[in-house]
Asks: 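Before we start, here is the structure in question, set down as structure tokens.
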Amino acid sequence: MDPEHAVTRLPEFAAVPPLGTSGQDAANSGETIEERCFHAALICLEGHYVQAPAMGLQTTARVNSLVGKALEKTHTCRKSREALARNVPIWILLTKIFASAIPSLTTRSVGPLASLSDPDKGVTPQESTQFIVKNHASIKEDLTMLIKLMHIARNLLVNADPQVPQDICGAVRFDQMVYKTIVLCVNVTSKGYDGEILDDSQRQKLTDITEHYKKLLVTSLQQAHNWTAKHDRNKMAFWFRVLFDDDSPYAESDDGLNDGTGFRPEVARSQVQNWLDRNTEMCETAWDLLGNHFLDDNGELKSPDTMPATLRPPTKALANGSQTDEKFSPVWNPEETDRLEQDRQYGRVSREIDTWWLKARDMNYEQYVIPMTSIDVAKARLEHCKENLVHRYANSYHEDESPGSVVAEADYSDHEPPMMTTAIRTTTSIILTAYITTVTLITTTVMITTTTTTIIITTITTIIRTTTIITTTKMTQTTRPKIPNILDPKQIEALHMIVKSCILDNAGSGLTEAGENLQKTRCRMFLALDCGKNLLRELLVFIAVWEKDEASLIFQVTTQIVEAIHHSALIPYAWNVLKIPKDIISPGQTVLLRLINHMFRARVNSPAAQAPKDPESKDVKVVHYLFSVFRARLVPECAALMHLQAEIRQGKCDAGEFPVDSWDMDRAKDGLAQYLDFLTTVAEMQDTREELIEWDAVYDLLVILKGLEAAVPKKPLVELPKKHAAAAAAGGDPMVERPYAQPDVRSPSPPPPPLQEAAHQFSWKGIKGQIFTILATLLQPPVGLSSPGNPKVQLQIVDRDGLVPLLNSCAYDDNNPFAKERVTLCLKWLLDGCEKANAFIRELNGSAPPSNLRPSPGGAVTGTLRVDGILGDVPVQVRSNPPAPVFEPESMRQANELVKRTAGLDINRSIKTLEEDFMA
């Protein structure tokens, strides 16, 4: 049958009205057979879930058949999908079914629904396991049906005019049922179950139910995505439910009061709720379809008490059609006592959110009020870090930093929130946990549907939840492996897509009547509230755990999320939110910097981005902020660690005094390497390159380079073999082979190599090469010239004694592959046109000592020679050229005769003749 003509009308049954409509309404509506059949099946299911009455086997089979056919129609037939999507009684029944099924499933799976937000009152994982195993058959049957119904509800939102079913879905409060379904699925799939107490049969039942819950979770998230797509009011309602969740264990947190902004979450919650109440408008088609449920026979708005409990009544302004699209200027009247009227006059979503943003945004947003950290301050900070390194790490777990640490970031001290010293709270919101444990795949920002009734997903046999991803203390070996076991990149894509659609400018619908960009407002809410901050941290750390590259979808979408944060001038605030006191740079900050670098790299490759930038632009200001952090915090602390490494290497300090372990060193190195990658990208952009030169970035790079020279020995390409000292001492000759000799004592096996190098011997691999790349870029001639090198950078390097570490880096170092080639390029541009640098080289050559490997004529001299790439001194023996040999006259005559006879041989003659001639 042609799908376009698959919708069958039943005019002869028009006298049989559907639930909630009159006979005349049914006759005018001309319901399809798909609507009638699916409607009948939902009536049976509603009675089944409230036990009024429960369905028998034959009824269950028939209902399953009807629901399955309806699901297939919503996949394959557009007209059937659109007809079902506009049927209000079907949406009402779906809401009632889920409202009845969720409490029943909760009780049979994890205990009473009211106990989910209070772990002390809930059941243990073992008890939950027994519930699931005991009720396996009934739970599986109900979940199978709910999965199909949620699939249908998801598909109904894929429509030529999606706002109609979106408005109906919100009006009947089905979105709230979706949220409760997500809550239930998360509480089941996130529990840790003890597999040792289960036999194979029980484990199979538990796994089966878990997979069904995960499928329901996947479909619920997709339905929520479709419900919010291109619908500002639904986005705000969804965002409100996520960020202001009453079930959150941190709903009463006062973290916002300590970040210097005085943010009041309860005030913001009230204002956002008022905005939602004021903006309940829906499209005209949806209002016409819902009118019979909202209006009485006289066309007046019904009292809320007379409406079905599943309906959300519109405001009276909507019913009277008094809302207009006229532009107006927001007015905040602090003397108004009526909060509703006060918010209405203001017009925007939340005055509290707007006030928070004015305090939390980049302090240089309007104009530069905080200059770049000076070199003198950076030097003082460096000396302080060297003197207080051990004390700094000994007190890094305290809530307050040591007094000296404030000096480093004095320029931004008023801009930073307090250090977060508690473990990252991954369960700040039940909806957050839902997205973190979901198994779903959404590859576009438009609404989703499938072409089959089978969901293809990647499943995880066991979900292991952890309530700590990063702590202020070191990660233990038992915590770290759990993180990648929770999700995989395909499963978490839905989270990124939803966040992106809610805050990215390109996904919005323009300005409101009050001139407000709702996408930016949601972005500000995202960072103002604790749930949003923790969600951002989870997004970033996930990329680091799974080591996603720039070509992956999850990386690209997260970059767009960071771009939205950048457009709101909140990169500095986000950077400070991700800070961990013990770390020089936290994993979240490292990933954030990597995403910012990717964002700027796209600008480098774009011709439009090569145009001159305004020094007041957001791009230049975020570079200004990040480089100030680089100078004030990262460089001094990394250089202090390198200084202590050098002290240990020279024997001036004991290795046991090194305050951090290899794990912390590795994280510091990753952060430093990512910072240098970012500076490499910034240096390639002409405008920001000039800013780096103006800020004297050479100083910071040379501090790191000199620290590496002193702290880390060069690693050779090969090592000379060591002599057998023990064999020589015993009088044996190691060069003599004795294949049949039986040794008296078996030589001990060499000890295994260490699994990881000691922290005080950390090699900082690859850092030098990155520094040379940045220096070479800064030394390049100005645009349009091929010579000489940049004179300002040349003098900065020479005046800061940068030639010595550059020349020392010309030797091979296996810790920094290709550094020798890069430093050669630096020296080329440095010596090109710089007289001071050339004079230094000439003076260095003139003071070189003469070689001591000059033997006397006819003699030999033994010494050592340094060979690039080989560890230690290579022993060599140098001989003088031997004198020319002296021949006797008779010997000379015989030699000449032999040469003449050899030259006269004829090669064409036979071999015998040749032999005879030769022997004659």
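Residue numbers count from 1 along this sequence.
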Asks: Check Lys386 with Glu647, please: is the shortest side-chain N to carboxylate O separation under 4.0 Å?
Replies: no

Asks: Rounded to the nearest 0.5 Å, how far does NZ of Lys820 lie from NZ of Lys768?
Replies: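 One finds 13.0 Å between NZ of Lys768 and NZ of Lys820.
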
Asks: More than 12 foreign heavy atoms under 6.0 Å from CD of Glu547: is that the case here?
Replies: no

Asks: Spell out, as yes or no, whether a donor-acceptor pair under 3.5 Å connects the side chain of Glu387 to the backbone of His384.
Replies: no

Asks: Should Ile797 and Leu806 be marked as a side chain to side chain contact (heavy atoms under 4.5 Å, CB included) after you check the CA-CA gap, both sets of side-chain angles, and the distance that decides it?
Replies: CA-CA 10 Å; Ile797 294 177; Leu806 288 177; 4.1 Å; yes

Asks: In Å and rounded to the nearest 0.5 Å, what is the CD to CG distance from Gln794 to Asn838?
Replies: 9.0 Å

Asks: Under the criterion side chain to side chain contact (heavy atoms under 4.5 Å, CB included), I'd like the reasoning laid out for Leu570 against Asp362: C-alpha separation, chi angles, the key distance, then a yes or no.
Replies: CA-CA 6 Å; Leu570 289 174; Asp362 187 355; over 6 Å; no

Asks: Return the NE2 to SG distance between His643 and Cys385, rounded to the nearest 0.5 Å.
Replies: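 Separation between the atoms: 11.5 Å.
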
Asks: Would you sort out whether Lys714 and Asn815 count as a side chain to side chain contact (heavy atoms under 4.5 Å, CB included), showing the intermediate values?
Replies: CA-CA 7 Å; Lys714 293 180 175 60; Asn815 287 324; over 6 Å; no

Asks: Between Thr681 and Arg601, is any side-chain donor less than 3.5 angstrom from a side-chain acceptor?
Replies: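 The criterion, which ignores hydrogens and geometry beyond distance, is satisfied for Arg601 and Thr681.
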
Asks: Report the residues that fulfil side-chain contact (heavy atoms from CB on, under 4.5 Å) with Gln674, sequence neighbours left out, ordered by chain and then residue number.
Replies: Thr590, Leu593, Arg594, Asn597, Asp677

Asks: Is there a donor-acceptor pair under 3.5 Å between the side chain of Arg667 and the backbone N or O of Trp663?
Replies: no

Asks: Looking only at the side chains, is there a donor atom on one of Gln560 and Gln556 sitting less than 3.5 Å from an acceptor on the other?
Replies: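 Side chains of Gln560 and Gln556: no pair found under 3.5 Å.
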
Asks: What distance do Cys834 atom SG and Leu795 atom CG have between them, rounded to the nearest 0.5 Å?
Replies: 5.5 Å

Asks: Does atom CD (Glu821) have a neighbourhood of more than 12 heavy atoms from anything else shown, all under 6.0 Å?
Replies: yes

Asks: Is Asp813 salt-bridged to Lys715, cutoff N-O under 4.0 Å?
Replies: no

Asks: Which pair of non-hydrogen atoms, one from Leu705 and one from Ile771, has the smallest distance, and what is that distance?
Replies: N-CD1, 4.0 Å

Asks: Can you name the ring-ring contact (aromatic ring centres under 6.0 Å, His included) partners of Phe658, sequence neighbours left out?
Replies: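 Phe658 satisfies ring-ring contact (aromatic ring centres under 6.0 Å, His included) with no residue once adjacent residues are dropped.
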
Asks: Does Lys621 pair with Glu366 as a salt bridge, N-O distance under 4.0 Å?
Replies: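 The answer is no: the pair does not qualify as a salt bridge.
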
Asks: Kindly indicate whether the side chain of Tyr368, heavy atoms from C-beta on, has any atom under 4.5 Å from the side chain of Val620.
Replies: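 With C-beta onward as the side chain, the pair touches.
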
Asks: Any side-chain heavy atom of Tyr625 within less than 4.5 Å of one from Met363?
Replies: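 Counting from C-beta outward, Tyr625 and Met363 never come under 4.5 Å.
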
Asks: Within the distance-only criterion (no hydrogens, no angle test), does the side chain of Asp700 pair as donor or acceptor with the backbone N or O of Arg631 below 3.5 angstrom?
Replies: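 Here the side-chain-to-backbone pair does not exist.
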
Asks: What's the verdict on ring-ring contact (aromatic ring centres under 6.0 Å, His included) for Trp764 and Phe762, showing C-alpha distance, side-chain angles and the deciding distance?
Replies: CA-CA 6 Å; Trp764 301 87; Phe762 192 75; 5.4 Å; yes

Asks: For Ser552, does its backbone N or O pair with a side-chain atom of Asp549 as donor and acceptor, under 3.5 Å?
Replies: yes

Asks: Charged N to carboxylate O below 4.0 Å: is that the case for Arg800 and Asp696?
Replies: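 Answer for the salt bridge query: yes.
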
Asks: Side-chain contact, heavy-atom cut-off 4.5 Å: Glu657 with His760?
Replies: no

Asks: Hey, mind stepping through Trp829 and Leu775 against side chain to side chain contact (heavy atoms under 4.5 Å, CB included) and telling me if it holds?
Replies: CA-CA 10 Å; Trp829 292 119; Leu775 289 176; over 6 Å; no

Asks: Output yes when a side-chain donor or acceptor of Asp583 lies under 3.5 Å from a complementary backbone atom of Lys579, and no otherwise.
Replies: no

Asks: For a quick test of reading the model, state the closest non-hydrogen atom pair linking Ser787 to Pro781 and the distance between them.
Replies: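 What the structure gives for the nearest pair is N-CG, 3.9 Å.
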
Asks: How would you list, by chain and number, every residue that makes a ring-ring contact (aromatic ring centres under 6.0 Å, His included) with Trp695, sequence neighbours excluded?
Replies: His624, Phe627

Asks: Going by the rule side-chain contact (heavy atoms from CB on, under 4.5 Å), which residues pair with Leu634 if we only count those two or more places apart in sequence or in a different chain?
Replies: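 Partners of Leu634 by the side-chain contact (heavy atoms from CB on, under 4.5 Å) criterion, ordered by chain and then number, come out as Ile584, Ile585, Phe630, Cys638, Leu672, Tyr675.
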
Asks: Report yes or no: does Asp664 contribute a side-chain atom to a donor-acceptor pair with the main-chain N or O of Val660 at less than 3.5 Å?
Replies: no

Asks: Before accepting this row, confirm whether a basic side-chain N of the pair Arg381/Glu637 lies closer than 4.0 Å to the acidic partner's carboxylate O.
Replies: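 Judged by the 4.0 Å cut-off on N to carboxylate O distance, Arg381 and Glu637 do form a salt bridge.
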
Asks: Within the side chain of Thr688, is there an N or O that forms a donor-acceptor pair under 3.5 Å with the backbone of Glu691?
Replies: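 Answer holds: no.
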
Asks: Out of curiosity, Lys669 NZ to Leu676 CG, how far, rounded to the nearest 0.5 Å?
Replies: 10.0 Å

Asks: Within the 4.5 Å heavy-atom criterion, are Leu807 and Leu844 side-chain neighbours or not?
Replies: yes

Asks: Tell me whether Arg822 contacts the main-chain N or O of Phe772 through its side chain, where contact means a donor paired with an acceptor under 3.5 Å.
Replies: no

Asks: Could you tell me the separation between the CG atom of Leu701 and the CD atom of Gln770, rounded to the nearest 0.5 Å?
Replies: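 Leu701 CG to Gln770 CD: 10.5 Å, rounded to 0.5 Å.
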
Asks: Can you sort out the partners of Phe840 under ring-ring contact (aromatic ring centres under 6.0 Å, His included), two or more places apart, ordered by chain and number?
Replies: none

Asks: Indicate the ring-plane relationship of Phe600 and His566, choosing parallel, tilted or perpendicular according to the 30° and 60° boundaries.
Replies: tilted

Asks: Are side-chain heavy atoms of Gln780 and Asn790 found at a separation under 4.5 Å?
Replies: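 Not touching, per the 4.5 Å side-chain cut-off.
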
Asks: Should the heavy atoms of other residues, nucleotides or ligands under 6.0 Å from CZ of Phe818 be counted, would the total exceed 12?
Replies: no

Asks: Among residues at least two apart in sequence or on other chains, which ones pass salt bridge (charged side-chain N to carboxylate O under 4.0 Å, His left out) with Lys765?
Replies: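 For Lys765 there are no salt bridge (charged side-chain N to carboxylate O under 4.0 Å, His left out) partners, ignoring immediate neighbours.
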
Asks: Please check if the side chain of Thr558 supplies one atom and the backbone of Ile554 the other of a donor-acceptor pair under 3.5 Å.
Replies: yes

